Trainee: 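Take a look at this one; I'll ask things after.
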Amino acid sequence: MLDLRAQYGAIQGEIQAALTQVLESQQFILGAQGRALEEEIAAYCGVRFAVGVASGTDALALALRAAGVCPGDHVIVPAFTFIATAGAVMLVGARPVFADIEPTTFTLDPAQVASRATPRTKAVIPVHLYGHPADMDPLLAVAHERGLAVIEDNAQAIGAAYKGRRTGSFGTAAGLSFYPSKNLGGFGDGGMVLTNAEEIAERIRRLRDHGQTRKYISAEPGWNSRLDELQAAVLRVKLRHLDAWTRLRQAHAARYMEMLRDVPGMRTPTVASWASHVFYQYTVRIEGPGRRDAVQQYLARQAISSAVYYPVPLPLQPALASLGHRAGDFPAAERAASEVLSLPLYPELAAEQIERVARAARQALSG
Ligand SMILES: *Cc1c(COP(=O)(O)O)cnc(C)c1O
């Protein structure tokens with residue numbers, strides 16, 4: 001699905017120079033690299049502030065806490081996303097309330113958000129899933145009407161745009177993940193909070209460092225959640241290449257679209273008219289009971305990887321059984337979980353490899 005060694009091979013010299021600089025400084029926590037990365041990412045995403053933290057999950061949890069979400073509050077999240085979206089809600093003691101997705105883009109359905117909000121709801125987390133932005137205007141309108149904070153889960157979509165403006169710049173705050181497989185991935189865990197609100201940025205700077213306002217003076221209970229200097233140095237090198245990598249992802253996706261057009265039983269990704277999609281994943285739908293799994297097995301027999309992101313909707317996860325959801329509660333999410341298949345897509349993929357995958361996928365469905 002991904003060849004990180006190919007990427008490393010192309011930028012090895014730059015990375016080693018950046019790491020050497022950190023090693024020679026012997027400064028590993030909250031230093032010059034982290035501060036520079038925060039400024040560069042804030043500029044890249046079009047926000048005033050960015051605060052480095054230890055993971056994307058922590059970025060979301062700290063953003064919720066800084067936006068005033070308290071234990072017992074309700075937070076609306078999509079029923080179809082990675083578990084960390086709901087995990088972040090539970091980390092601050094709040095309760096995830098699920099809303100179904102809009103089937104063409106796999107993102108939160110604004111009408112569903114309106115119908116699930118109650119006076120206990122404090123926030124909503126739109127997820128820009130697979131690199132495709134959620135439909136922000138109607139989501140922001142519902143949130144505004146109900147007085148909800150909007151925390152964008154931008155873990156999969158750095159560089160994507162909604163109506164010409166970068167994702168992560170619309171809400172109260174947003175979370176980025178630098179997990180190695182993400183479009184901008186570090187050499188370990190890492191994350192960042194984006195926000196235009198100075199008080200939220202300051203609160204997160206405090207919360208990520210034991211609640212300290214000064215050394216050994218803690219204003220509130222905090223966490224230890226910092227992005228270290230080695231990761232920041234790696235990410236600064238990779239950020240310089242991100243736009244070129246994104247253009248390659250988009251070109252590869254266009255090639256797949258061309259080759260997979262009109263395959264019976266398969267639907268290629270929809271890109272909404274207002275979206276610039278960064279293709280963290282190239283995810284098709286394969287309709288019909290059991291057919292998705294059959295296609296995946298067919299590809300595997302030809303040594304072609306593919307993956308299902310995600311096979312079980314969040315409301316049906318064992319960890320969330322106490323919420324009492326049953327099959328049938330979130331039909332669009334459940335259908336997506338049974339139909340999605342992500343094909344290999346990363347910048348270093350060669351044209352022949354894409355063509356081989358596409359031909360095999362077509363054969364799997366016409367054979
Ligand atoms: C990766 C991811 C996260 C969590 O990020 P980590 O850095 O792994 O903690 C959250 N939400 C989504 C949608 C993700 O893909």
Side-chain angles (χ1 to χ4, degrees), residues 1-2 4 37 41 45 50-65 75-92 94 96 98-99 101-102 105-108 123-134 136 139 150-160 167-168 171 173-194 204 208 223-228 231-232 234-235 238 249 277-283 307-315 317 319-320 333 336-337 340 342 345-346:
M1 285 301 285
L2 184 58
L4 286 171
L37 180 70
I41 297 258
C45 293
V51 185
V53 297
S55 71
T57 307
D58 278 7
L60 294 172
L62 288 164
L64 288 165
R65 174 60 48 86
V75 178
I76 296 177
V77 301
F80 185 68
T81 172
F82 179 52
I83 187 69
T85 312
V89 174
M90 293 184 288
L91 273 173
V92 298
F98 296 107
I101 55 164
E102 199 278 302
T105 62
F106 302 102
T107 60
L108 199 51
V124 55
I125 310 185
V127 181
H128 306 304
L129 199 72
Y130 305 144
H132 188 292
M136 292 308 293
L139 288 167
V150 176
I151 308 298
E152 298 173 69
D153 183 339
N154 203 26
Q156 301 189 356
I158 186 168
T167 54
L176 284 176
S177 166
F178 304 128
Y179 183 79
S181 74
K182 299 287 159 82
N183 286 21
L184 179 63
F187 288 179
D189 277 310
M192 200 166 271
V193 180
L194 309 176
I204 289 167
R208 72 175 171 181
W223 305 18
N224 175 350
S225 182
R226 299 165 306 214
L227 182 69
D228 70 68
Q231 295 306 333
V234 168
L235 291 162
K238 289 198 179 192
R249 287 178 183 273
H277 191 330
V278 293
F279 291 99
Y280 172 57
Q281 296 299 337
Y282 184 85
T283 304
V308 175
Y309 306 118
Y310 298 91
V312 178
L314 299 199
Q317 289 285 343
L320 296 166
V340 292
S342 298
L345 190 154
Y346 52 90

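All values derive from a computational prediction rather than experimental measurement. Every number for a ligand or one of its atoms is a count from 1 in the order of the listing.
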Trainee: Report the part of Asp153 (side chain from C-beta onward, or backbone N, CA, C, O) that has a heavy atom under 4.0 Å from ligand 1; answer both or neither where that applies.
Mentor: side chain
Trainee: Give yes if a backbone or side-chain nitrogen or oxygen of Ser177 is under 3.5 Å from a nitrogen or oxygen of ligand 1, and no if not.
Mentor: yes
Trainee: Does Ile125 offer a backbone N or O that forms a donor-acceptor pair with the side chain of Asp153 under 3.5 Å?
Mentor: no
Trainee: Without hydrogens or angle criteria, can the side chains of Ser181 and Tyr280 be said to hold a donor-acceptor pair below 3.5 Å?
Mentor: yes
Trainee: Does the N or O separation between Thr81 and ligand 1 drop below 3.5 Å for any pair?
Mentor: no
Trainee: Evaluating non-hydrogen atoms only, which member of Gln156, Lys182, His128 is closest to atom 1 (C) of ligand 1?
Mentor: Lys182
Trainee: List ligand 1 atoms under 4.0 Å from Ala84, heavy atoms only on the residue side.
Mentor: 3 (C), 4 (C), 10 (C)
Trainee: Between Tyr310 and Phe82 (judged by ring centroids, cut-off 6.0 Å), do the two rings come close enough to count as a pair?
Mentor: yes
Trainee: How about Ser55 and Asp189: does a side-chain donor come under 3.5 Å of a side-chain acceptor?
Mentor: no
Trainee: Note the single closest protein heavy atom to atom 9 (O) of ligand 1, along with its residue, its atom name and the distance in Å.
Mentor: Thr57 OG1, 2.5 Å
Trainee: Are any of the N or O atoms of Gly56 closer than 3.5 Å to those of ligand 1?
Mentor: yes
Trainee: Look at the side chain of Tyr130 and the backbone N and O of Tyr309, then say whether any donor-acceptor pair between them is shorter than 3.5 Å.
Mentor: yes
Trainee: His132 vs His277 aromatic rings, parallel, tilted or perpendicular, using cut-offs 30° and 60°?
Mentor: perpendicular
